[in-house]
Asker: 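Encoded as structure tokens, here's the structure I'll be asking about.
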Number of protein chains: 2
Amino acid sequence: MEDAQELNHKKDSGQYHIPYYQIPIDKFFQFGLSVDCVVFGYQDGILKILLIKRGAEPFKGQWAIPGDLVYPNEDIDVAVRRILHDLTGLDNLYFEQTKVYGQVDRHPIGRVVTVGYYSLINIENYNPHASAWADSVYWIDVNDVPKLAFDHNLILNNGLKTLRYSVRNRPVGFELLPTKFTIGQLQSLYEGLLNEKYDKANFRKRILSMNMLRELKENQINVPHRPGRLYSFDKEKYDQLKSKGFSFEL
Amino acid sequence: MEDAQELNHKKDSGQYHIPYYQIPIDKFFQFGLSVDCVVFGYQDGILKILLIKRGAEPFKGQWAIPGDLVYPNEDIDVAVRRILHDLTGLDNLYFEQTKVYGQVDRHPIGRVVTVGYYSLINIENYNPHASAWADSVYWIDVNDVPKLAFDHNLILNNGLKTLRYSVRNRPVGFELLPTKFTIGQLQSLYEGLLNEKYDKANFRKRILSMNMLRELKENQINVPHRPGRLYSFDKEKYDQLKSKGFSFEL
DNA sequence: CCAAAAGTGTTCATTCTACACCCATGG
DNA sequence: CCATGGGTGTAGAATGAACACTTTTGG
């Protein structure tokens with residue numbers, strides 16, 4: 001989050017407040033809470049984002065990222081799982097909190113604070129669903145994102161920054177790939193995500209030297225070139241390494 | 001946040017929900033919102049945390065980290081600045097969002113979602129204040145933290161993890177030091193924070209090679225050893241480097 | 001004088017980078 | 001046969017770790 005988490009030295013805006021104890025406590029319990037989730041997928045070398053056409057007011061019919069109000073008796077991560085499930089039919093998706101958006105006027109119908117998330121999904125398993133809050137769902141190239149409802153363009157951009165940062169410092173990129181992948185596919189993913197070029201020999205040595213990939217006894221099939229060896233991410237090995245002080249880099 | 005942001009693959013807890021459209025919209029606007037801030041200071045090689053004795057119910061009289069309800073018409077970062085100002089008399093403090101805590105039952109008087117922050121202050125400028133929500137304020141050694149109100153021990157520990165992570169990847173450590181400091185002081189800070197030992201020659205070379213310190217024409221005074229050259233952090237230079245792709249490490 | 005921390009230079013090992021080369025497949 | 005990406009080895013450069021040595025202050 002090198003970029004997403006800026007140094008923060010801004011001055012107080014000068015807003016004025018009635019002292020705490022002179023305001024009835026009920027006044028403090030009028031916030032709405034929502035979650036909004038930037039869902040990433042990766043296909044043919046292109047990073048894509050799930051956008052919906054909103055099925056409810058406000059901003060009905062407009063583009064938005066998936067999200068919904070949190071129920072009064074619902075934990076926040078349960079709400080995220082609910083939304084992701086309703087949207088994709090998938091459970092156990094990877095997701096991570098990014099940032100809270102709480103501008104007083106960010107929502108037209110009242111004070112709604114929203115918690116931003118990003119989620120990574122393997123596009124091959126994806127199964128689109130409409131739902132109560134989404135008329136329809138589309139994968140959009142990350143470079144073609146239209147104007148979105150609320151402050152969703154901001155949330156999306158911060159989600160993207162966070163993803164780009166996370167992917168260098170934690171082994172999360174694998175979530176975007178099929179379970180079995182070649183080193184070449186992994187390299188293209190990183191190159192696409194970070195907009196860089198790596199030497200294939202060096203990339204290979206680097207990633208294999210981390211000892212967190214399990215080499216399978218299988219190769220690619222039906223490719224018009226020498227088929228690559230398949231690997232899968234070995235979470236147990238990674239956790240073990242991490243506990244010994246190892247830290248993923250690039 | 002290598003550790004603070006865990007891979008998140010938990011299953012849905014199985015909570016059950018009445019469909020969205022059958023619940024009156026008012027029911028969704030009954031959340032309270034608060035901010036809680038882990039305030040770090042550094043003195044004599046020891047990392048310290050500002051704790052308060054709560055001056056209001058619930059948990060009146062108990063240890064807690066500084067925090068307060070957000071006003072219905074108040075932006076969240078304005079609330080953070082307000083709290084830090086009331087607490088320390090200082091403005092323009094460094095602070096950064098960590099994580100949202102939204103467990104349904106985390107607050108005894110209702111559904112209060114809190115946004116966690118950490119803040120860094122130069123202990124020399126510190127000026128303690130009591131306030132509406134704090135009877136008294138103390139610096140506590142990070143290793144002697146008592147049992148705290150609410151889920152504040154959790155918030156504190158996550159704040160500490162975040163600090164330890166940030167300090168390696170962004171030049172935030174300087175916020176804990178006086179404006180003018182020696183390389184030795186900087187090294188001790190890092191050693192204390194991260195619980196490591198560095199070679200002084202190598203540490204010096206490394207930090208100076210980053211070109212983000214301004215060498216002053218002043219030395220330490222009144223020290224019983226050769227006085228060290230004073231430096232200050234040059235934010236302009238750092239921003240310039242960052243925009244050229246430089247990234248702070250350790 | 002001594003203790004204590006500042007500050008510098010050099011050596012050796014490790015890691016990174018660039019690049020050349022061979023391999024296996026489909027068309 | 002070719003094009004395409006898979007896969008390996010190596011030399012030289014850059015970086016990092018360890019450590020010895022000199023300097024300047026107060027007591």
Side-chain angles (χ1 to χ4, degrees), chain A residues 42-46 168-169 174 177-178 180-192 194-233 241 244-250, chain B residues 42-46 168-169 177-178 180-192 194-232 241 244-250:
Chain A
Y42 181 78
Q43 197 167 40
D44 306 325
I46 295 171
R168 315 183 65 118
N169 298 286
F174 307 104
L177 292 176
K180 303 170 177 183
F181 52 85
T182 67
I183 306 289
Q185 288 166 349
L186 186 63
Q187 183 178 344
S188 312
L189 170 70
Y190 275 90
E191 291 180 341
L194 301 174
N195 230 318
E196 302 210 36
K197 267 289 176 195
Y198 303 107
D199 178 281
K200 76 184 148 124
N202 298 336
F203 183 85
R204 176 178 229 90
K205 275 177 272 186
R206 171 158 203 135
I207 208 84
L208 288 177
S209 74
M210 292 183 189
N211 267 103
M212 38 186 262
L213 294 189
R214 191 202 323 275
E215 181 177 351
L216 305 176
K217 309 230 169 316
E218 271 177 89
N219 289 343
Q220 266 180 314
I221 45 170
N222 270 323
V223 284
H225 58 258
R226 173 172 169 181
R229 184 38 65 101
L230 292 172
Y231 292 82
S232 67
F233 174 58
L241 289 167
K244 287 182 186 144
F246 166 81
S247 141
F248 183 88
E249 275 289 305
L250 230 169
Chain B
Y42 181 77
Q43 197 169 41
D44 306 325
I46 296 172
R168 313 182 67 117
N169 298 286
L177 291 176
K180 304 171 178 183
F181 52 85
T182 67
I183 305 288
Q185 287 165 350
L186 186 63
Q187 182 177 346
S188 310
L189 170 71
Y190 274 90
E191 291 181 339
L194 301 174
N195 229 318
E196 302 210 37
K197 267 290 176 193
Y198 303 108
D199 178 281
K200 78 184 145 114
N202 297 336
F203 183 86
R204 174 179 231 89
K205 274 178 271 185
R206 171 155 203 136
I207 207 84
L208 288 178
S209 74
M210 292 183 188
N211 267 99
M212 38 186 261
L213 294 189
R214 190 203 323 275
E215 181 176 350
L216 305 177
K217 309 229 170 315
E218 271 176 87
N219 289 343
Q220 266 181 313
I221 45 169
N222 269 324
V223 283
H225 58 260
R226 173 173 170 181
R229 182 40 63 103
L230 292 172
Y231 292 83
S232 66
L241 289 167
K244 287 183 185 144
F246 166 81
S247 140
F248 183 88
E249 276 288 306
L250 229 167

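Letters go in sequence order (proteins before strands), and every chain restarts at 1.
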Asker: Would the distance check show the side chain of B/Glu191 and the main-chain N or O of B/Tyr198 forming a donor-acceptor pair, the cut-off being under 3.5 Å?
Answerer: yes
Asker: In whole Å, what is the span from the CG atom of B/Leu230 to the P atom of C/dA6?
Answerer: 11 Å
Asker: Let me know the distance between CZ of A/Arg229 and P of C/dA24, rounded to the nearest Å.
Answerer: 12 Å
Asker: Kindly write out the residues that satisfy salt bridge (Lys or Arg N to Asp or Glu O under 4.0 Å) with B/Glu249, not counting sequence neighbours, or none if the list is empty.
Answerer: none
Asker: Of all nucleotides in DNA chain D with an atom under 4.0 Å from a non-hydrogen atom of chain B, which is the first and which the last going 5' to 3'?
Answerer: D/dG16 to D/dG26
Asker: Step by step, work out the side chain to side chain contact (heavy atoms under 4.5 Å, CB included) result for A/Phe181 and A/Leu213.
Answerer: CA-CA 10 Å; A/Phe181 52 85; A/Leu213 294 189; 3.9 Å; yes
Asker: Nearest-Å distance, NZ (A/Lys205) to P (C/dC19)?
Answerer: 13 Å
Asker: Send over the distance from A/Ile207 CD1 to C/dC16 C1', rounded to a whole Å.
Answerer: 15 Å
Asker: Identify, between B/Asp199 and B/Gly184, the residue whose nearest nucleotide on DNA chain C lies closer to the 5' end.
Answerer: B/Gly184
Asker: Measure the distance from CG on B/Leu208 to P on C/dG9 and round it to the nearest whole Å.
Answerer: 13 Å
Asker: A/Ile221 CD1 to C/dA24 P: how many Å, rounded?
Answerer: 19 Å
Asker: Judged by each residue's nearest nucleotide on DNA chain C, which is more toward the 5′ side, A/Asn202 or A/His225?
Answerer: A/Asn202
Asker: Is the ring pair A/Phe248/A/Phe174 parallel, tilted or perpendicular, if the boundaries are 30 and 60 degrees?
Answerer: perpendicular
Asker: Could you check how far OH of A/Tyr198 sits from P of C/dC19, rounded to whole Å?
Answerer: 18 Å
Asker: Considering only side-chain heavy atoms of B/Lys200, which listed nucleotide, C/dT8, C/dT17, C/dA6, is closest?
Answerer: C/dA6
Asker: Could you check which of C/dA18, C/dG9, C/dG7 has an atom nearest any side-chain atom of B/Ala201?
Answerer: C/dG9
Asker: Starting at CG of A/Asn222 and ending at C1' of C/dG26, how long is that distance when rounded to a whole Å?
Answerer: 9 Å
Asker: Quick one: does any side-chain atom of A/Glu215 pair with a main-chain N or O of A/Arg229 as donor and acceptor, under 3.5 Å?
Answerer: no
Asker: Walk me through whether B/Asn219 and B/Leu230 qualify under side chain to side chain contact (heavy atoms under 4.5 Å, CB included).
Answerer: CA-CA 5 Å; B/Asn219 289 343; B/Leu230 292 172; 5.8 Å; no
Asker: Closest nucleotide of DNA chain D for A/Arg204 versus for B/Arg206: which of these residues is on the 5' side?
Answerer: A/Arg204
Asker: Under 3.5 Å, is there a donor-acceptor pair between the side chain of B/Asp44 and the main chain of B/Ile46?
Answerer: no
